[in-house]
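Below is one structure, written out as structure tokens, with a few remarks after it.
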Amino acid sequence: MPELPEVEAVRRSLIELVAGQRITDVTVGWPKIIKSPEQYEQFQDALKGQTIHDVDRKGKFLIFLLDDYCLVSHLRMEGNYSLHKQEDPVDKHTHVVFHFSDGMELRYRDVRKFGTMHLFAKGSEWTVPPLSKLGPEPFSDEFTLEYFKGKLSNTERVIKAVLLDQSIVTGLGNIYVDEVLFRSGIHPERKSRTLTDQEILILREQAASTLKESINAGGSSVNTYMNSHGQSGTYQNELKVYGRKDQECYRCGAAVQKIKVAGRGTHFCPNCQKIANY
DNA sequence: CTCTGGTCCTGTACGC
DNA sequence: TGCGTACAGGACCAGA
């Protein structure tokens, strides 16, 4: 559920909590979260003695930079980090704990257990999945009109499926794709190759502006999502179609519809986002 | 190539 | 009131 703006909110709050912290030990309560190294014991061993220097992000991935390693963390549906004292009671959904030399600990909590962590030797993280497969972020210089046009015209898929594909553009998830398509006046089931140059231009602008606005609002707090300080964002109040099934479209008053597209619940306004004629 | 459906998970919503 | 069941979803994988 956390998408780019929410992960950015987490990154900003997290860096204040962990920058400079030295890891003395790591507890792993659910080994499946650790995707690499294959043996989670190696994950634990490698991290002992490492200091966290910075927390970066690409798309929906958090990237912890350590002395010799790089920890790549994906929160998936509802993973979250928080700092605790050792003596604080441990929630039953806490699956990974990073113990620090000052006695505090960073806890990774994830009710669904869908989140992932990859540990790589520093510098190699961009050469292997998952980071190597990511396309540019919507507001990056690499996300040029030529690039976007090329990707959209090169496939028979519907636009929603293309926007969810992290290898084409990274950071959008189910919520923001619906919002961006609404703001662009484009039906989620339009074949991406039928989009006009003008529509592609608008889509690119709206993808960037929607995410930027949400970042500035601290992200959206749908389903009680919060950053690592326990603060919620406010962008959920700005959502125009997501979660508004059967409610009036803010723009035209028609009832917002919910259908399934690319296997996902999809909200759109049938009046503002017409598919006819294509 | 692309779509569908299963997988991983568990809390929540819903029907009876 | 309480129980069973369907559902949600990011990324990935197998099969059509």
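Sequence lines set the chain letters: A, B, ... in the order given, protein chains first and strands last, and positions in each chain run from 1. Keep in mind that what you see is a predicted model, and the values were worked out from it rather than measured.
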What are the atom names and distances for every N/O pair under 3.5 Å that joins the protein to nucleotides 1-5 of chain B?
from  : atom 1 : to       : atom 2 : distance (Å)
B:dT2 : OP1    : A:Thr155 : OG1    : 2.7
B:dT2 : OP1    : A:Glu156 : N      : 2.6
B:dT2 : OP2    : A:Thr155 : OG1    : 3.4

Discussion item. For C:dG10 and A:Gln166 - does any side-chain N or O of the residue sit under 4.0 Å from the phosphate oxygens OP1/OP2?
Written reply: no
Results of salt bridge (Lys or Arg N to Asp or Glu O under 4.0 Å) for [X] - residues two or more places apart only:
X        : result
A:Glu179 : none
A:Arg157 : A:Asp165
A:Lys160 : A:Asp178

Fill in: Positive for side-chain contact (heavy atoms from CB on, under 4.5 Å) with A:Glu3, one of A:Leu75, A:Ile175, A:Leu211, A:Val177
A:Ile175
Find the distance [X]:[atom1] to [N]:[atom2] and express it as a whole number of Å.
X        : N      : atom1 : atom2 : answer
A:Ile33  : C:dG10 : CD1   : P     : 17 Å
A:Lys58  : C:dG10 : NZ    : C1'   : 18 Å
A:Met77  : C:dA11 : CE    : C1'   : 10 Å
A:Arg264 : C:dC12 : CZ    : P     : 12 Å
A:Ile259 : C:dA8  : CD1   : P     : 13 Å
A:Leu4   : C:dG10 : CG    : P     : 14 Å

Practice prompt. Using the ring pair (Phe, Tyr, Trp, His ring centres under 6.0 Å) rule, collect all pairs that involve residues 144-164 of chain A, keeping only residues at least two apart or in two chains.
Written response: A:Phe143-A:Phe148
Please identify each residue that fulfils ring-ring contact (aromatic ring centres under 6.0 Å, His included) with [X], with sequence neighbours left out.
X        : value
A:Phe61  : A:His74
A:His99  : none
A:Phe100 : none
A:His187 : A:Phe268

Item to complete: Strictly below 4.0 Å, heavy-atom distances to any atom of DNA chain C: list the hits from residues 167-179 of chain A, or just say none.
Response: A:Asn174
Worksheet, complete the sentence: Nucleotide by nucleotide, nucleotides 7-14 of chain B touches protein heavy atoms under 4.0 Å in the pattern (B base, S sugar-phosphate only, - none) -BBBS---
Worksheet entry | Under 3.5 Å: donor-acceptor pair, side chain of A:Asp67, backbone of A:Thr51 | yes
Worksheet item: Judged by atom type as modelled, is there a donor-acceptor pair below 3.5 Å linking the side chain of A:Ser13 to the main-chain atoms of A:Val10?
Response: yes
Practice prompt. Report yes or no: is the cationic atom of A:Arg244 (NZ for Lys, CZ for Arg) under 6.0 Å from the centre of the six-membered ring of A:Phe182, at an angle within 45° of the ring normal?
Written response: no
Item to complete: Would you kindly compare A:Lys260 and A:Pro129 by the position of their nearest DNA chain C nucleotide and give the one closer to the 5′ end?
Response: A:Lys260
Practice prompt. Verify the neighbour count for atom NZ of A:Lys245: are there more than 12 heavy atoms of other residues, nucleotides or ligands below 6.0 Å?
Written response: no
Discussion item. Rounding to 10°, can you tell me the angle the first-five-pair axis of the helix from B:dT2-C:dA16 to B:dC16-C:dG2 makes with its last-five-pair axis?
Written reply: 60°
